[in-house]
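Below, read A as the first sequence line, B as the second, and so on, with proteins coming before strands; counting in each chain starts at 1. Computed from a predicted structure; not experimentally measured.
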Amino acid sequence: MPIALIDGNNFYVSCERVFNPKLEGRPVVVLSNNDGMAVARSAEVKELGVKMGTPWFKMRDLARKHGIVALSSNYALYADMSNRMMAVLSQYSPDQEVYSIDECFLGLEGFGNFDLVAYGQAMRRQVRQWVGIPVCVGIAETKTLAKLANHCAKKALAGTNSVCDFGRLSEPERSRLFSTIEVGEIWGVGRKLSEQLTHRDIATVEALRKADAKTIRREFSVVLERTIAELNDISCMELEEAAPNKQQIISSRSFGNYVYDIESLSQAVASYIAIAAEKLRSQASLAGLVQVYIRTNPHKADSPQYQPSLTVPLSQASDDTLLLTRAALWGLKRIYRPGFAYQKAGVALLNFSDAATPQMDLFSKARDNTRLMEVMDRINGIWGRGTLHSAAEGVQQGWRMKREKVSPGYTTHWDQLPLVT
DNA sequence: CTATAACTCTCAA
DNA sequence: CTAACGTTGAGAGTTATAG
């Protein structure tokens, strides 16, 4: 069965351009949380040689020289645009896996007699017209190959024009094309693996495709063995249409400025617990463990480093924000040491069980806050996260992250819509 | 010793 | 003027621990 992988071109930048057409044709980057580093670059910025993950302060001079526009990330906007894009694409197949904010797989079972390249072009046109986002389409027999075909479509390899169907390539054509692509481009082959494979003279997609799967399994892993199968048109990865419940929920953030006192850390930890616990309740799970960690800036090698973490077991699994907060703050108090410049804190909820069948604690004296949590979730659902929160989260919140260049909430706030005057 | 828990490493977007 | 470098999740493999 053919599989299509549709991926937005520098998605965050494209979202910003939909609402601010002046950005069209100009070099634009979108920065990570805290305005830290580049997480999306327009073609013009890539042209200037700016790599993914470049810290903003390191490209400042280049930005001034070439008039690069830098924007803080506006996830509310991107999530909204993503939903619209996915809705349009879902019309092209009954089988859709939303793989990430900017890409999805479509199962094309029974489409064998179609002109798939024309079908891909139709998707592109409609997403562009209805949502405003440019996308590329890769089509092949397996997910791994569809990802690779998408890469070829983006780079305009093998004479493709934003849509690439490997089904059209003869075996010699494939062989020739794959010989020109580095192994590192393959889905699942990251920095480490590329390096090791290249050392063993497996430097291209073609070389890995032809490598002996059993040997690779022995010397590397099952995962890479599966990748080889997928490169040879043998599908090992199902289309996962319904996202399974999470097995862990993490919430962490870097601070806008260094934090030294336990009061600020406590407020931050309480806030992160509130975010994580809300997600936990939305999937009807209970957490049995709460992990807290704090961290100094690892990039600042000359200042004292400290990155402790602690996992706190609960006597009874829970989804109660207040109870989880107490556990996390108890842990924080144990790992906190004064005199360090903390840059980041985080929490994780672990060891999940089903909220429908809780394992009760015979001696528990914890009060039941189920109704309170329901009310809190409803209020925050209507009026926005943080409308109703625990006192532990604090009020001043001087530790909050920086977002100095955010675009307006074009799709979520009436009062932020730019008016034509 | 075995089974499992806990932790570490790698990868992805 | 200086300092300024993301977040979330999964899975495999390894090590520690309990019974």
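- There is no side-chain donor-acceptor pair under 3.5 Å between A:Ser254 and A:Asn34.
- Annotation: cation-pi pair A:Arg337/A:Tyr306 present, NZ/CZ under 6.0 Å from the ring centroid and within 45° of its normal.
- Aromatic ring orientation, A:Phe19 versus A:Tyr410: parallel (interplanar angle below 30°, classes split at 30° and 60°).
- The existence of a salt bridge linking A:Glu44 and A:Arg17 is confirmed by a sub-4.0 Å separation between a basic side-chain nitrogen and an acidic carboxylate oxygen.
- The distance from atom CG of A:Asp7 to atom CG of A:Asn150, rounded to the nearest 0.5 Å, is 5.0 Å.
- Partner of A:Val183 under the side-chain contact (heavy atoms from CB on, under 4.5 Å) criterion, chosen from A:Thr204, A:Leu193, A:Thr198: A:Thr198.
- Within residues 242-256 of chain A, the residues having any heavy atom under 4.0 Å from DNA chain C are, by residue number, A:Lys246, A:Gln247, A:Gln248, A:Ile249, A:Ile250, A:Ser251, A:Ser252, A:Arg253, A:Ser254.
- When each of A:Gln305, A:Gln343, A:Gln307 is checked for a side-chain hydrogen bond (donor to acceptor under 3.5 Å, both in side chains) with A:Arg295, only A:Gln343 meets the rule.
- Taking the side-chain contact (heavy atoms from CB on, under 4.5 Å) definition, one finds that A:Ser179 meets it with A:Glu206, sequence neighbours left out.
- A side-chain donor-acceptor contact under 3.5 Å links A:Ser14 to the backbone of A:Asn9.
- Less than 4.0 Å separates DNA chain C from no heavy atom of any residue of residues 302-325 of chain A.
- The stretch residues 213-241 of chain A touches DNA chain C through A:Ser221, A:Val222, A:Val223, A:Arg226, each having a heavy atom under 4.0 angstrom from the strand.
- Under the side-chain contact (heavy atoms from CB on, under 4.5 Å) rule, A:Tyr12 has a single partner from A:Asp102, A:Leu77, A:Ile101, which is A:Ile101.
- Other residues, nucleotides and ligands contribute over 12 non-hydrogen atoms within 6.0 Å of the CD atom of A:Gln416.
- Salt bridge status for A:Asp80 with A:Arg84: present, with a side-chain N to carboxylate O gap under 4.0 Å.
- Shown for residues 58-65 of chain A: residues whose heavy atoms fall under 4.0 angstrom of DNA chain C, namely A:Lys58, A:Arg60.
- Sorted pairs that involve residues 234-243 of chain A and meet side chain to side chain donor-acceptor pair (under 3.5 Å), not counting sequence neighbours, are lacking altogether.
- Within residues 182-207 of chain A, no residue is approached by DNA chain C to less than 4.0 Å at the level of any non-hydrogen atom.
- The gap from the C1' atom of B:dA13 to that of C:dA4 amounts to 25 Å, rounded to the nearest Å.
- By the 6.0 Å and 45° rule, A:Arg326 does not stack over the aromatic ring of A:Trp330.
- By the side-chain hydrogen bond (donor to acceptor under 3.5 Å, both in side chains) test, A:Asp201 pairs with no residue at all, sequence neighbours left out.
- Only at 4.0 angstrom or more do the heavy atoms of residues 268-297 of chain A sit from any atom of DNA chain B, so none qualifies.
- Among the protein residues, A:Phe11 comes within range of no part of the nucleic acid, since none of its heavy atoms lies under 4.0 Å from any strand.
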Pairs under 3.5 Å (Watson-Crick or G-U), crossing ones as [ ], inter-strand ones as |: DNA chain C comes out as ......|||||||||||||
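- Summarising the geometry, atom CG belonging to A:Asn351 is positioned 11.0 Å from atom CD belonging to A:Gln247; distances are rounded to the nearest 0.5 Å.
- Side-chain atoms of A:Gln96 come within 3.5 Å of backbone N or O of A:Met86 as a donor-acceptor pair.
- The aromatic rings of A:Phe340 and A:Tyr342 are tilted relative to each other, their planes meeting at an angle between 30° and 60°.
- Between the side chains of A:Ser72 and A:Asp35, at least one donor-acceptor pair of N or O atoms lies under 3.5 Å.
- Shown are A:Leu265, A:Leu329, A:Val269; of these, the side-chain contact (heavy atoms from CB on, under 4.5 Å) with A:Val292 is made only by A:Val269.
- Ring geometry for A:Tyr99 versus A:Phe105: interplanar angle over 60°, hence perpendicular rather than tilted (30 to 60°).
- Taking the 5' to 3' direction, DNA chain C first and last meets chain A under 4.0 angstrom from a heavy atom at C:dA4 to C:dG13.
- Pairs of residues two or more places apart, or lying in two chains, that qualify as salt bridge (charged side-chain N to carboxylate O under 4.0 Å, His left out) and include a residue from residues 377-396 of chain A are A:Glu278-A:Arg385, A:Arg281-A:Asp377.
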